[in-house]
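Proteins come first, then strands; the chains are lettered A, B, ... in the order of their sequence lines, and each starts at number 1.
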Amino acid sequence: MSHYVELFNLTKVYATPAGPAVIVKDFNLRLKQGEFVTLIGHSGCGKSTVLSMLAGLNDISGGGIILAGRELDGAGPDRGVVFQSPALLPWLTAFENVLLGVDQVFYTATRAERREIVEYYLTVVGLGEAMHNKPAELSQGMRQRVGIARAFALRPKMLLLDEPFGMLDSLTRFELQQVLVELWRKDQITALMVTHDVDEALFLSDRIACMTDGPEAAVGDILAVNFPRPRERKPVLEHPDYYPLRERLIEFLEFHAHRRNPPGTAAAAPPRRLLREPASPRPGRLKEITVNLF
Amino acid sequence: MAYLELQRVAKTFNGSPVLHDINLSVGRGEFVAIVGFSGAGKTTLLSLIAGLLPADSGTLTLNGLAISAPGPERGVVFQNYSLLPWLSAFENILLAVDQVNPDWTAAQKREQVQKYVAMVNLTAARDKKPAELSGGMRQRVSLARALAMDPQILLLDEPLSALDALTRATLQDELARLWQEDQKTVVLITNDPDEAIYLADRIIPLTPGPGATLGPSFPVAIPRPRDRRELNHDPRFKAVRCGVIEFLLSSRRERHTALTKKPVLPDIEPEDLARPRRAFGGRARAKRRSEVKEETVEVR
């Protein structure tokens, strides 16, 4: 059977003063061409480490990754990454931010063609009216739309999404998931996403890989998500499998969340836990999964 | 007649309509959640009810009296806490109690503050300054301050949006408990449909701006206290969730489709930057998609 992307025995070890820390160990996952797979797991379990190795932004300690028949070595434009925060250059307009990468990858195309590509993707993500604005003039949700357009405009072989909507409010999140799923369907890009949002994983994925807790994280269960495509929010929410799957995922996350805390600290003594809250929580940066959240 | 009543309320900023034809009636003791996208005008709506902004047209009444200015019978909790940084948690709350009940004795005031500090589980941190408190704890102070004034109606403006998911869940539980204890009339503004379903008796979506208006009411007929896990099985929960989300997303979609024009994507393929540039000697022309030969990749 042919696979487009293969991660085999992928391992990440960091050297620490206390000896080597094994974050990810023998991580195996295969993706078919055009498949959308989500990695879900408790905060700090190493999901983003896997994704950043795939992006080439983090060295691989052991094992390897094959993309379209070639072993990966370093970062490249054949993998488009959408980060949690879109990381746009503030002195360039949305259009120029996307054009920057397009100019590199389509250097043999004409200037007009390159501009057409940028225009196309920015319009498709819903920024037809605002593409010549600077990031500071755009809302958080609009900036993330630019981030999505930038990744797709390079026509990468693979799309990597690292909690792409983690900083957005839940309604904007629902909306951008729809934008993403439509673009993904049109371009048929193989995608790997990391998230802790159960609804997001269910709406977008073909398969959901649950990651066991770090250290030495690996792939646990893999769930197949068979809602018919193209997907619209309403039929997915009304699908008889939706809430059973949702519950399974929440349970998985809850189980792992509980394993992390000594028994009793989570529910029995809330005031004590509250005193340990970080001093200035920034909603996007905290990756706690919401154990008893929806 | 309803307790809080808004009729044909409209608000315009610099010539652009923000809110338009807002009709809302909230019964005494009811918990109503207004859900909408950011930028829709939710905060403007709440500011009108709080009396912080005047409406351009229409009438707003609370308990039969017209709303024209802010007042202690309407307690407001803001997203950004709005605490005085040089006062401790205790003093911040005392300030409000002091303003509302100037004729009380010092002991009475302190007792009132004490009671609400305990109610939001802040007794251990009562003498800390806001800067020494986490976001969740600051919001507790803000909530205690609003409650300690003993308002007739509580207006919550995205009180939990700035908090991380775990703290948000804890404070949602606490809000539900506080509401059960003294059954105040509450108007909650939020952008999280799940939060609204968990807390409210009735959900009213606010359509996307400009010229936002309120959509149909979605009653949440789920008995209290509500349990998040059990909600997942509840057909009423699924129906309300789907209804609210679909209403808001489709109202937004209509707006988008009206704006888009048809763009064209050139059918060219990206270059492989790992190979030497083609500018010299090689072909310096972009590869058309139609020219690409099908490649099949076999991995094991």
Among the listed options B/His233, B/Lys238, B/Glu158, the residue most often paired with chain A at heavy-atom distances under 4.5 Å: B/Lys238
Contact summary for B/Phe37 and A/Thr172, nearest pair of heavy atoms: CE2-N, 4.0 Å
side-chain contact (heavy atoms from CB on, under 4.5 Å) against A/Glu113, all qualifying residues, sequence neighbours excluded: A/Ala109, A/Thr110, B/Pro266, B/Ile268, B/Arg288
Verdict with reasoning, A/Arg155 to B/Leu265, per side chain to side chain contact (heavy atoms under 4.5 Å, CB included): CA-CA 11 Å; A/Arg155 302 200 52 86; B/Leu265 180 66; 3.9 Å; yes
Close side-chain approach of A/Tyr243 and B/Arg241, heavy atoms under 4.5 Å: yes
B/Arg126, CZ: over 12 other non-hydrogen atoms inside 6.0 angstrom: yes
Side chain proximity check, A/Asp169 to B/Ser161, heavy atoms < 4.5 angstrom: no
Interface moiety of A/Gln140 toward chain B, non-hydrogen atoms closer than 4.5 Å: neither
Distance-minimising heavy-atom pair for B/Glu269 and A/Phe106: C-CE2, 3.5 Å
Per-residue contact mode, A/Leu171 against chain B (heavy atom under 4.5 angstrom): both
side-chain contact (heavy atoms from CB on, under 4.5 Å) involving A/Val105 - partner list, sequence neighbours excluded: A/Pro77, A/Leu154, B/Pro270, B/Leu273
Residue among A/Glu247, A/Gln104, A/Arg233 with most heavy-atom pairs under 4.5 Å to chain B: A/Glu247
Under 4.5 Å from any heavy atom of chain A - which part of B/Ile245: side chain
Interatomic spacing from CD in A/Gln177 to CG in B/Leu249 - rounded to 0.5 Å: 9.5 Å
Any side-chain heavy-atom pair of A/Glu232 and B/Glu246 under 4.5 Å: no
